[in-house]
Amino acid sequence: GAVVSQHPSWVICKSGTSVKIECRSLDFQATTMFWYRQFPKQSLMLMATSNEGSKATYEQGVEKDKFLINHASLTLSTLTVTSAHPEDSSFYICSATNNGVNQPQHFGDGTRLSIL
Amino acid sequence: DQQVKQNSPSLSVQEGRISILNCDYTNSMFDYFLWYKKYPAEGPTFLISISSIKDKNEDGRFTVFLNKSAKHLSLHIVPSQPGDSAVYFCAASVNNNAGNMLTFGGGTRLMVKP
């Protein structure tokens, strides 16, 4: 089945550090990738939609300068949390799809970000 | 405004019995619906989906039912197994294309007791 790899799975770092999270589709070309954030005991909240070769579309309330998204190839998207602060601590999950009709999004295993 | 709602935060079922997870939506433009299963600290795993042109889709122990007039879908798991214990999210999108944004429900925690 479709596989999406997300790396790293867990990051602990000091406040002010920038953190890059990678999302790769391993066995299909992902024309669209999505970045979600999940707080404890809550649902997944979409942060941004990333299309290969174009600028990401951010959801309302998500700072694009804070959460930099790059989707340079059909198999890789990156999310960089710039100058991370404790309130950015969360579980970040990416998903990917090849945009076919009735094709589901496939999710990575998520990245737990802990900012001290 | 929550467009996709899962009104039961948790459900407990005995092993071997049927689990029924429910989901309601308000946006009549939704035409593609999905169920995902999620374990703690992992990403959601796709289970089953249904297009609005159908009212039922079955895959092994999992069946999804769609009632468009009621804007309601449900996931039936039978027989339930302890390994099914997880959080289940329903999701919906427009244009039969999950390349469009998915709107998720709040999730239902299923506990299957041995």
Check: A:Ser43 side chain, B:Gly107 main-chain N or O, donor-acceptor pair, under 3.5 Å: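 Pair absent, no side-chain N/O of A:Ser43 close to backbone of B:Gly107.
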Strictly by modelled atom types, are A:Asp88 and A:Ser90 linked by a side-chain donor-acceptor pair under 3.5 Å?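 No, because no side-chain N or O of A:Asp88 sits under 3.5 Å from a partner of the opposite role on A:Ser90.
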Are there residues of residues 60-85 of chain A whose heavy atoms fall under 4.5 Å of chain B's heavy atoms? If so, which? none
Using a heavy-atom distance cut-off of less than 4.5 Å, which residues of residues 12-23 of chain A contact chain B? none
Taking the side chain as every heavy atom from C-beta outward, state whether [X] and [Y] have any pair of such atoms under 4.5 Å apart.
X	Y	result
B:Phe30	B:Val94	yes
B:Leu102	A:Tyr36	yes
A:Asp109	B:Tyr39	no
A:Ser114	A:Trp10	yes
B:Thr63	B:Lys56	yes

Least distance between heavy atoms, A:Phe107 atom then B:Pro44 atom: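 Minimum heavy-atom contact is CB-O, 3.3 Å.
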Structural part of A:Gln6 lying under 4.5 Å from a heavy atom of chain B: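 Contact with chain B involves no heavy atom of A:Gln6 at all.
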Answer with side chain, backbone, both or neither: which region of A:Leu44 has an atom nearer than 4.5 Å to a non-hydrogen atom of chain B?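 Interface part for A:Leu44: both.
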Which residue, B:Ser52, B:Ser93, B:Ser49, forms the side chain to side chain donor-acceptor pair (under 3.5 Å) with B:Tyr32? B:Ser49
With B:Asp24, the side chain to side chain donor-acceptor pair (under 3.5 Å) member among B:Lys71, B:His72, B:Gln3: B:His72
Side chain, backbone, both or neither: which part of B:Phe104 has an atom under 4.5 Å from a heavy atom of chain A? both
Parallel under 30°, tilted from 30 to 60°, perpendicular over 60°: which one fits the rings of B:Tyr25 and B:Phe33?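 Answer is tilted, since the angle falls between 30° and 60°.
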